[in-house]
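No hydrogens, no waters, no symmetry mates; every other heavy atom, side chains included, goes into these values. Along the sequence shown, residues are numbered consecutively beginning with 1. Quick caveat, the model's predicted, so the values are computed rather than measured.
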Amino acid sequence: GVFFCAGAERKCNWLVARPVPGARRCVVFFPGDISDFAGGADLPYPYSLEALVWVLSQKFPDDSVVLVKPWMMVDRYAIFGNFMLVGSGGNPRCVTDQRAGAAPG
């Protein structure tokens with residue numbers, strides 16, 4: 001299924017999931033340049049998130065599979081801004097950048 005889920009700090013992500021009843025593991029995958037749903041970016045189906053979940057499901061048939069859609073794309077690079085600090089251009093920032101204005105302690 002496809003889900004739009006709110007996580008920590010109300011940051012939302014699109015997830016594509018293939019649950020397996022009784023699975024012992026959950027494989028979570030963050031794709032790179034494959035970044036949109038079928039029909040969403042004029043890409044052929046084999047380059048869609050749905051196709052990638054199918055391939056991962058074949059690789060891990062006994063495990064639940066969750067694919068996280070990138071928050072944004074910059075020059076064909078996937079940016080997962082809801083999982084790490086990034087600048088306005090999508091470049092990763094150090095955790096200390098966020099704490100720079102905070103009081104010591």
Side chain to side chain contact (heavy atoms under 4.5 Å, CB included) between Val20 and Ser64, intermediate numbers included: CA-CA 5 Å; Val20 172; Ser64 292; 4.0 Å; yes
Ala17 to Phe3 - nearest heavy-atom pair and separation: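 Closest approach of Ala17 to Phe3: CB-CE1, 3.9 Å.
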Heavy-atom pair with the smallest gap, counting every atom of Phe4 and Cys12: CZ-CB, 3.3 Å
Cluster check Trp54, Leu67: I/L/V/M/F/W/Y, side chain < 4.5 angstrom: no
Separation of Leu15 CG from Leu49 CG (nearest 0.5 Å): 11.0 Å
Sub-4.5 Å side-chain heavy-atom contact between Phe29 and Leu52: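 Heavy-atom side-chain distance check passes, below 4.5 Å.
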Of Val66, Leu56, Val27, Val53, the residue whose pairing with Arg18 passes side chain to side chain contact (heavy atoms under 4.5 Å, CB included):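 Answer after filtering Val66, Leu56, Val27, Val53: Val53.
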